[in-house]
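To start, the structure under review is shown below, and the notes come after it.
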Amino acid sequence: MSIENGDFAGGVAVITGAAAGIGEGLARRAGALGMKVVVADISGEGAEAVAQDLRDQGGEALAVRVDVSRPEELDRLAAEVHARFGDVRLLVNNAGIETLGLTWEIPAERWERTLDVNIHGVVHGVRAFAPRMLASGQPACIANLASVGSFGVMPTQTAYIMSKHAIQSFSECLYLEIQMTGKPIQVSTIVPGMVKTRIFEASAGAGEPEGAARHRAVMRDLMASYGMDLDAACRIIFDKLMTGVFWIDTQPDMTREMIDGRIAFLTQRAEPQLAPVARSILGLDN
Ligand SMILES: NC(=O)c1ccc[n+]([C@@H]2O[C@H](COP(=O)([O-])OP(=O)(O)OC[C@H]3O[C@@H](n4cnc5c(N)ncnc54)[C@H](O)[C@@H]3O)[C@@H](O)[C@H]2O)c1
């Protein structure tokens with residue numbers, strides 16, 4: 001199923017985690033296309049700033065404070081958006097957090113928070129919005145944020161990596177479930193490589209074990225040096241979304257390399273092995 005440009009223009013876009021980073025970039029692309037944009041984020045202030053900016057540019061935008069780790073808040077968001085704007089054309093389950101540290105050193109609260117935001121936030125976003133999207137019979141798109149990390153492994157990023165593996169398989173199953181309904185809803189997996197955002201900022205690491213700070217700083221610096229420009233990445237994501245494809249990646253070479261590595265690992269039933277670049281990120285060669 002293909003969502004054409006014209007199908008998006010004038011429609012309603014709901015984007016979680018839209019006060020910053022990739023979510024904000026996608027909200028701005030949606031606004032530029034003339035969509036009505038619901039900027040949903042745990043930071044109500046941040047969401048309002050983005051929504052106000054979109055309104056200042058002549059668009060229609062609504063900020064809603066939502067913690068995606070709470071299913072009832074997503075239910076409330078879906079009901080509010082439907083009552084105010086009607087059918088939703090585009091849902092992007094984008095909100096996500098990174099957690100660094102050794103599995104046994106990460107406090108239980110941080111573990112649960114990571115899985116609740118990254119996995120349950122996406123699952124319950126779909127559960128809250130899909131019934132009305134299906135009932136409307138209108139073309140629509142649901143896109144979930146996976147990662148190139150969905151196809152690899154990285155010690156001390158275990159919580160994040162397993163959550164992204166989960167979202168990739170969730171989106172594949174969801175695609176087939178929607179296909180079973182015969183309704184015109186496109187499901188897409190968004191697979192960013194490394195994109196310049198604030199996901200590795202020190203302040204986002206509250207609750208991580210002490211040892212994680214060095215790794216977080218290395219990742220932040222790597223992102224600043226090698227990450228893709230945020231606006232460029234969001235243009236690629238949005239353009240691909242409008243072609244109605246399942247796979248939406250920002251850096252196809254990186255995706256291919258990760259998937260090829262995964263296929264080789266599984267085919268050979270190999271022992272898990274650290275790539276040289278991962279050894280250096282973790283400071284194991286010092
Ligand atoms: N930046 C990258 O290189 C990259 C790569 C692969 C995947 N991703 C994925 O893209 C998504 C966005 O990441 P980003 O890099 O833009 O991060 P970011 O930290 O820059 O922005 C994340 C946004 O989500 C919001 N948020 C966090 N917890 C929330 C919650 N419980 N409820 C609602 N909103 C919440 C934050 O307030 C923030 O506005 C994530 O799912 C991430 O895993 C990012």
Side-chain angles (χ1 to χ4, degrees), residues 14-29 38-51 63-74 76-77 92-100 109-110 112-125 128 143-152 154 157 159-168 170-171 188-207 216 219-234 236-237 248-251 254-255 258:
V14 179
I15 301 166
T16 67
I22 293 173
E24 177 183 352
L26 294 179
R28 291 187 183 282
R29 293 308 309 150
V38 178
V39 181
D41 202 283
I42 196 166
S43 164
E45 229 173 271
E48 183 50 39
V50 173
V64 185
R65 190 202 170 277
V66 174
D67 179 349
V68 301
S69 74
R70 303 178 72 93
E72 68 280 11
E73 293 197 16
L74 287 162
R76 183 176 48 76
L77 174 70
V92 186
N93 290 301
N94 163 78
I97 58 173
E98 260 282 6
T99 289
L100 308 177
E109 299 73 33
R110 179 85 195 195
E112 306 247 316
R113 177 111 197 111
T114 310
L115 302 185
D116 281 344
V117 174
N118 293 10
I119 300 178
H120 296 135
V122 177
V123 171
H124 292 295
N144 303 321
L145 262 292
S147 165
V148 286
S150 300
F151 310 105
M154 179 72 179
Q157 274 180 253
Y160 181 80
I161 291 286
M162 69 185 267
S163 74
K164 293 299 171 182
H165 278 239
I167 292 309
Q168 176 61 25
F170 173 72
S171 295
S188 296
T189 182
I190 301 181
V191 182
M194 196 181 256
V195 178
K196 280 180 187 152
T197 69
R198 297 204 292 265
I199 198 165
F200 287 115
E201 285 301 303
S203 57
R216 188 167 268 281
M219 292 305 293
R220 192 192 52 223
D221 293 350
L222 268 179
M223 186 173 261
S225 304
Y226 301 108
M228 186 181 229
D229 171 73
L230 179 61
D231 186 53
C234 291
I236 291 171
I237 292 171
I248 312 263
D249 50 1
T250 56
Q251 288 117 304
M254 201 186 284
T255 317
M258 294 296 285

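When a ligand or atom number is given, it counts from 1 through the structure's own listing order.
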task: Below 4.0 angstrom from a heavy atom of Tyr160, which ligand 1 atoms are there? Numbered from 1 as shown, please.
output: 6 (C), 7 (C), 8 (N), 9 (C), 42 (C), 43 (O)

- request: Would you confirm whether Lys164, through its side chain, and Leu145, through its main-chain N or O, come within 3.5 Å as a donor-acceptor pair?
  value: yes

- line: Of Ile237, Ile22, Ile167, the one forming a side chain to side chain contact (heavy atoms under 4.5 Å, CB included) with Ile190 is Ile237

message: Can you name the atoms of ligand 1, numbered from 1 with element, that are less than 4.0 Å from a heavy atom of Asp67?
response: 30 (C), 31 (N), 32 (N)

Closest to atom 5 (C) of ligand 1 (judged by heavy-atom distance), picking from Ser147, Ala47, Gly193: Gly193

- prompt: Would you find a donor on one side and an acceptor on the other, under 3.5 Å apart, between the side chain of Asn94 and the backbone of Thr16?
  reply: yes

- request: Taking only heavy atoms of Val66 into account, list the atoms of ligand 1 that are under 4.0 Å away from them.
  value: 32 (N), 33 (C)

Side chain to side chain donor-acceptor pair (under 3.5 Å) assessment of Thr99 paired with Thr114: CA-CA 7 Å; Thr99 289; Thr114 310; 2.7 Å; yes

- request: State, yes or no, whether a side-chain contact exists between Glu48 and Glu45 at a heavy-atom distance under 4.5 Å.
  value: no

query: In the protein, what heavy atom is nearest to atom 19 (O) of ligand 1, and what distance, to one decimal place, separates them?
result: Ile199 CA, 3.5 Å

Protein heavy-atom partner closest to atom 44 (C) of ligand 1 - residue, atom, separation in Å: Ile22 CD1, 3.7 Å

field: Atoms in ligand 1 flagged as close to Met223, the criterion being non-hydrogen separation under 4.0 Å
entry: 1 (N), 2 (C), 3 (O)

field: Heavy-atom check, side chain of Asn118 versus side chain of Ile97, under 4.5 Å
entry: yes

message: With a sphere of 6.0 Å drawn around CZ of Arg76, does it hold more than 12 non-hydrogen atoms of other residues, nucleotides or ligands?
response: yes

- line: The atoms of ligand 1 lying under 4.0 Å from a heavy atom of Thr197, numbered in the order shown, are 1 (N), 14 (P), 15 (O), 16 (O), 17 (O), 20 (O)

field: Contact partition for Glu98 relative to ligand 1, non-hydrogen atoms under 4.0 Å
entry: neither

task: Would you mind listing which atoms of ligand 1 come within a distance below 4.0 Å of any non-hydrogen atom of Met194?
output: 3 (O)

- prompt: Quick one: nearest non-hydrogen protein atom to atom 25 (C) of ligand 1, plus distance?
  reply: Asp41 OD2, 3.3 Å

- prompt: Mind checking whether Leu222 and Phe200 have side chains closer than 4.5 Å, heavy atoms only?
  reply: no

field: Proximity of Ala146 to ligand 1 by residue part, where a heavy atom lies under 4.0 Å
entry: backbone

- prompt: Side chain, backbone, both or neither: which part of Asn118 has a heavy atom under 4.0 Å from ligand 1?
  reply: neither

field: N/O donor-acceptor pair under 3.5 Å between Glu98 side chain and Ile199 backbone
entry: no

message: Within ligand 1, which atoms have a heavy atom of Leu145 less than 4.0 Å away?
response: 9 (C), 10 (O), 11 (C), 41 (O)

- line: Per side-chain hydrogen bond (donor to acceptor under 3.5 Å, both in side chains), Ser69 is matched among Arg113, His120, His124, Glu112 by Arg113

field: Minimum-distance pair of heavy atoms, taken over all atoms of Ala146 and Gln168
entry: CB-OE1, 3.8 Å

- request: Measure the distance from atom 21 (O) of ligand 1 to every protein heavy atom, then report the residue, atom name and distance (to 0.1 Å) of the closest one.
  value: Ala20 O, 3.9 Å

- prompt: Looking only at heavy atoms of Lys164, does any of them come nearer than 4.0 Å to an atom of ligand 1?
  reply: yes

message: I'd like to know if the side chain of Ser43 pairs up with that of Asp41 as donor and acceptor (distance under 3.5 Å, no hydrogens or angles considered).
response: no

query: Quick one: nearest non-hydrogen protein atom to atom 22 (C) of ligand 1, plus distance?
result: Gly96 O, 4.1 Å

- request: Could you tell me the residue and atom name of the protein heavy atom closest to atom 29 (C) of ligand 1, and the distance to it rounded to 0.1 Å?
  value: Ile42 CG2, 3.7 Å

- prompt: How long is the span from the CZ atom in Arg70 to the CG atom in Asp116, to the nearest 0.5 Å?
  reply: 10.0 Å

- request: Around atom 27 (C) of ligand 1, find the nearest protein heavy atom and jot down its residue, atom name and distance.
  value: Ile97 CG2, 3.9 Å

- prompt: Which residue owns the protein heavy atom closest to atom 1 (N) of ligand 1, what's the atom, and how far is it?
  reply: Val195 O, 3.1 Å

field: Within reach of ligand 1, part of Arg113 (heavy-atom separation under 4.0 Å)
entry: side chain

task: Determine the minimum heavy-atom distance between Met254 and Gly193, stating which atoms define it.
output: SD-CA, 3.6 Å

query: Of all the atoms in ligand 1, which lie at a distance below 4.0 Å from a heavy atom belonging to Gly21?
result: 16 (O), 20 (O)

- prompt: With a 4.0 Å cut-off on heavy atoms, is Asn94 touching ligand 1?
  reply: yes

